[in-house]
Every structure is written in C-alpha cells, then in structure tokens.
Novice: 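Please see the structure below; I have some questions.
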Amino acid sequence: MSTFPTVRPRRLRMRGALRRTVAETRLHPSQFVLPVFVVPGVDVRKPIESMPGHAQVSVDQVAHVAKEAEAAGVGGIMFFGVPDEKDDVGSSSWDPLGPVPQALETVAAAAPELVRWADVCLCEYTTHGHCGPLKGDLVDNDAALPLLARAALAYADAGADIVAPSDMMDGRVGAIRSTLDDAGHTDTVICSYAVKYASGYYGPFRDAAGSTPAFGDRRSHQMDPANAREAIREVRLDLAEGADMVMVKPAGPYLDVVSAVAREVDVPVVAYQVSGEFAMIEAAAARGWIDRERVMIESLTGIARAGSGVILTYFAIEACGLVGESR
Ligand code: PBG
Ligand code: ZN
C-alpha cells in the first residue's frame, strides 16, 4: 500500500465542489419529519419556553405550520396532542374530535404532500401522566394495549399515514396491527418506537406536552441507557409483531445503537432528535458558544451517517433550507 507523499487524502478536501462530490452522506428535506404539539381552541400559538421557535398550536394554526413545512420540502409532520381533559385511562386520546385527529384532517386538506404521522401514547391524556392505566405504581401493560390500539385506530380513521406507538409496552405493535386490520386499515404504516431509552433528554418535551409523570418515572418500560444489545431484541420483537419501520430515540447520544439497528434490519430506520438535543443546541447557540446552523446540520449529518434515513427533528423546516441544492 502506498503512503505519503504519493497519497494525500487532503486532495479530496481542498475544494468545496469536490468535497461535496465525494460526500458519503447527503441530507434531503424529504427525510425530515417535524413534530408539532396540538392544543384545543382557536388561534392559539403558545410558545414553548425551552424550545425556541416552537409553540403549542391550535388546529387552525396547524394549517399554517403544515403549509410552511410542505413549502420547505419537509417530508412529514408528526402530531402530539395536548388535551383539555384527562382521566385515569387516557380516554381523550381516542376522541375523534380531539386535537390529533383534527390536526390530521387539517393537514390532509391544507398540505396534502406531507406524510401524516401520529404519535400514539397515553401519557399526555392521563391525569397521572403515565403511558397507560396504572396497577399500583406501575403501568398495567396488558390493560394498556387495547387502549393504545383504540387511539391508533382513531388516528388511522382521521387519515394518519403512519401511527407511531411511543409507550414501550410489550405487545403493543401486534395489538395495534390487528385492530387496524380488523377495521380495514391494512395500509396504515406502523413505525414503532422500538428502542426508546429512559432519557433525561425528554425534559423540554414534557413541558411542551404536559406529560410529566405525577410520581415516579418511566424506567419500568423505557430502556436502560446502558444497554445496546437489548435494542436488537426490542427491534426483532416489534418486527415480528408487524412494525413497518423502527425508531431509535434519542438520536445523538445513541448513534452506536442507530448503527447497530441499521445493520441488523431491512426496514427503514428512524431516529428522533429529541427536545433536549434541540434545546442544548439552541441554548449554546444563543450564548454565542457554537455556530447554530453549522451544529444543526452536523448533528443531523451524524444521525444520517449512523444509518438513519428518516429523522424526526425540531429543526426540520429550517434544515431544509440548508441542505441539498441550496448548498
Ligand atoms: C411520550 C413521548 C415522549 C417523547 C415522545 N413521545 C416523552 C416521554 O417518553 O416522556 C419525547 C420527545 C422529545 O423529547 O422530543 N411517550
Ligand atoms: Zn408516553
């Protein structure tokens, strides 16, 4: 093997156009999905303090956000509902007139090019903020399954292309698949949050979605940050139950897991750059400690390079203007 001075890796880096020609990873707007928090009411746009540029929006405002995302070229939009009414079992999650079904219908009319995603979980809808009904201090796994399936069905009925269960209950993908199929929604895609860690990076989200647990935490069902091999087990089980895509979440601190999952499976791998990852970049940039746009694109490039072709990110709209033909 020849070496220096014959070989000079710098040759390929010295000119921007050449660097771009040989880039191994390319970002494209269509791979970004924008998460949006929907509240009841009209004309609501309530800024989320820990997530600069993001707000809780009412259904009428969803049309504006969706049109902006579609115009930028964003691939999809993912909805989280922040309901007025909560109870022990989270029954407002399957209300056909709830914020998420209405937002889905709004997008279908206002921005038909966007792929419509609906997060499926009960923690925004339960008084106690846990991801399903409780038995003692813990979520009752098996009792949660039909309720999650009911919520997923309401979103499919409202035109969701993809339902994405984020609860981490065992068996929920199978329960959702059979409920959707029985109702004739055989073409609705399931993207499971197969690998979701019990993470401190969800802090800003829990403010945005009003889903902070009233007591305890989610360690009984979300994964231990120490584990990577277990991620493969979770992914295999969800695929066996009928998941069409699998997600790893958070993204940045778990790129080894994204990479391992991408090597293991033959379905699309999704990564979620979560609220805390977003907020850290915004906070450091606001102090002038990092170059915001540069770090934004670098963080997304890292996620794509690790093997995730689909990226949920709060930067979705802005990132579209910074990738692809414009660069
Ligand atoms: C709800 C859910 C959470 C996120 C997505 N779905 C929070 C949690 O599990 O507490 C986090 C997303 C983010 O932080 O951006 N199950
Ligand atoms: Zn939840």
Side-chain angles (χ1 to χ4, degrees), residues 25 27 29 31-37 47-56 69 74-80 117 119 121 123-124 164 166 168 191 193-209 211-212 217-219 222-228 231 245-262 269-323:
T25 307
L27 296 173
Q31 77 192 122
F32 301 135
V33 181
L34 175 72
V36 171
F37 303 94
I48 302 160
E49 206 187 323
S50 53
M51 300 181 67
H54 287 266
Q56 296 178 327
V74 172
I77 191 164
M78 159 107 114
F79 290 114
F80 294 95
W117 299 58
D119 180 89
C121 199
C123 52
E124 300 107 290
S166 64
M168 288 295 278
C191 171
Y193 287 69
V195 185
K196 180 174 177 181
Y197 286 94
S199 172
Y201 287 88
Y202 306 149
F205 173 93
R206 289 181 188 174
D207 298 334
S211 64
T212 309
D217 55 39
R218 308 209 203 288
R219 286 194 175 90
Q222 297 182 347
M223 277 182 54
D224 183 342
N227 294 358
M245 314 162 85
V246 290
M247 192 194 298
V248 175
K249 175 187 170 191
Y254 296 90
L255 294 184
D256 58 322
V257 178
V258 172
S259 170
V261 168
V269 176
V270 183
Y272 196 148
Q273 182 181 50
V274 301
S275 56
E277 299 177 73
F278 169 80
M280 289 193 315
I281 293 173
E282 289 289 348
R287 295 186 164 207
W289 290 349
I290 58 172
D291 176 335
R292 182 172 173 279
E293 292 184 354
R294 184 169 177 181
V295 173
M296 178 195 307
I297 296 306
E298 186 174 339
S299 67
L300 295 169
T301 300
I303 295 165
R305 191 192 60 236
S308 170
V310 185
I311 305 175
L312 281 139
T313 172
Y314 298 96
F315 291 125
I317 291 178
E318 207 180 332
C320 287
L322 300 173
V323 303

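Residue indices begin at 1 and follow the sequence shown. These numbers come from the heavy atoms of this one structure, side chains and all, not from hydrogens, waters or symmetry mates. Just so it is clear, the model here is predicted, and its values are computed rather than measured.
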Novice: To the nearest 0.5 Å, what is the distance between OH on Tyr272 and OG1 on Thr313?
Specialist: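 Tyr272 atom OH to Thr313 atom OG1 measures 9.0 Å (nearest 0.5 Å).
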
Novice: For a quick test of reading the model, state the closest non-hydrogen atom pair linking Val74 to Gly76 and the distance between them.
Specialist: CG1-O, 3.2 Å

Novice: Ignoring hydrogens, what is the shortest heavy-atom contact between Pro29 and Val323? Give both atom names and the distance.
Specialist: CD-CG2, 3.7 Å

Novice: Are Phe80 and Phe205 near enough that their ring centres are under 6.0 Å apart?
Specialist: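 Aromatic pair counts; centres sit under 6.0 Å.
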
Novice: Whether the side chain of Glu277 engages the backbone of Ala251 through a donor-acceptor N/O pair (distance < 3.5 Å, no angle test) should be reported.
Specialist: yes

Novice: Between His54 and Tyr314 (side chain of the first, backbone of the second, donor and acceptor by atom type, cut-off under 3.5 Å), is there such a pair?
Specialist: yes

Novice: Can you tell which of Val248, Val246, Asn227 makes a side-chain contact (heavy atoms from CB on, under 4.5 Å) with Val195?
Specialist: Val248

Novice: Any chance you could lay out the side-chain contact (heavy atoms from CB on, under 4.5 Å) test for Val310 and Gln31, step after step, and finish with the verdict?
Specialist: CA-CA 5 Å; Val310 185; Gln31 77 192 122; 5.6 Å; no

Novice: Do you know which two heavy atoms are closest between Val269 and Ala262, and how far apart they sit?
Specialist: CG2-CA, 3.8 Å

Novice: Look up atom CD in Glu298 and atom CG in Asp291, then write down how far apart they are to the nearest 0.5 Å.
Specialist: 9.5 Å

Novice: If you apply the rule side-chain contact (heavy atoms from CB on, under 4.5 Å), what do you find for Ile48 with Phe37, and how did you get there?
Specialist: CA-CA 10 Å; Ile48 302 160; Phe37 303 94; 3.7 Å; yes

Novice: Taking all non-hydrogen atoms of both residues into account, name the closest pair between Arg218 and Ser211 and its distance.
Specialist: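 Heavy atoms only, the tightest pair is NH2-O, 2.7 Å.
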
Novice: Could you give the distance from NZ (Lys249) to CE (Met168), rounded to the nearest 0.5 Å?
Specialist: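 Reported value, rounded in 0.5 Å steps: 10.0 Å.
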
Novice: Looking at Leu255, is its backbone amide N or carbonyl O close enough to the side chain of Ser259 to form a donor-acceptor pair, meaning the two atoms are under 3.5 Å apart?
Specialist: no

Novice: Looking just at side-chain N and O atoms, do Ser299 and Gln273 make a donor-acceptor pair shorter than 3.5 Å?
Specialist: yes

Novice: Considering all heavy atoms of both residues, which atom of Pro250 and which atom of Tyr201 are nearest to each other, and what is their separation?
Specialist: CG-CB, 4.2 Å

Novice: Are Met78 and Leu312 close enough that some pair of their side-chain heavy atoms sits under 4.5 Å apart?
Specialist: yes

Novice: Between Glu318 and Arg292, does any NZ, NE, NH1 or NH2 come within less than 4.0 Å of an OD or OE carboxylate oxygen?
Specialist: yes

Novice: Is the backbone N or O of Asp119 less than 3.5 Å from a side-chain atom of Ser166, with the two atoms forming a donor-acceptor pair by type?
Specialist: no

Novice: Please report the interatomic distance CD(Gln56) to CG(Asp207), rounded to the nearest 0.5 Å.
Specialist: 9.5 Å

Novice: First locate atom CD1 of Ile303, then atom CG of Leu27, and finally report the distance between them rounded to the nearest 0.5 Å.
Specialist: 9.0 Å

Novice: Checking Thr25 side chain against Ala304 main chain: does a donor-acceptor pair fall under 3.5 Å?
Specialist: no

Novice: Taking side chain as C-beta onward, heavy atoms only, is Tyr254 less than 4.5 Å from Tyr197?
Specialist: yes

Novice: Decide yes or no on side-chain contact (heavy atoms from CB on, under 4.5 Å) for Ile311 and Leu300, but give the supporting numbers first.
Specialist: CA-CA 8 Å; Ile311 305 175; Leu300 295 169; 3.8 Å; yes

Novice: Any side-chain heavy-atom pair from Ile281 and Phe315 closer than 4.5 angstrom?
Specialist: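 Result yes, sub-4.5 Å side-chain heavy-atom pair found.
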
Novice: At what distance, to the nearest 0.5 angstrom, does CD1 of Ile290 lie from CE of Met296?
Specialist: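 Taking CD1 in Ile290 and CE in Met296, the distance rounds to 9.5 Å.
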
Novice: May I ask you to establish whether Lys196 and Tyr202 are in a cation-pi arrangement, using a distance under 6.0 Å from NZ or CZ to the six-membered ring centre and at most 45° from the ring axis?
Specialist: yes

Novice: For a quick test of reading the model, state the closest non-hydrogen atom pair linking Cys191 to Val270 and the distance between them.
Specialist: SG-CG2, 3.9 Å

Novice: Can you find a heavy atom in the side chain of Pro204 that is under 4.5 Å from one in the side chain of Phe278?
Specialist: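 No, their side chains stay 4.5 Å or more apart.
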
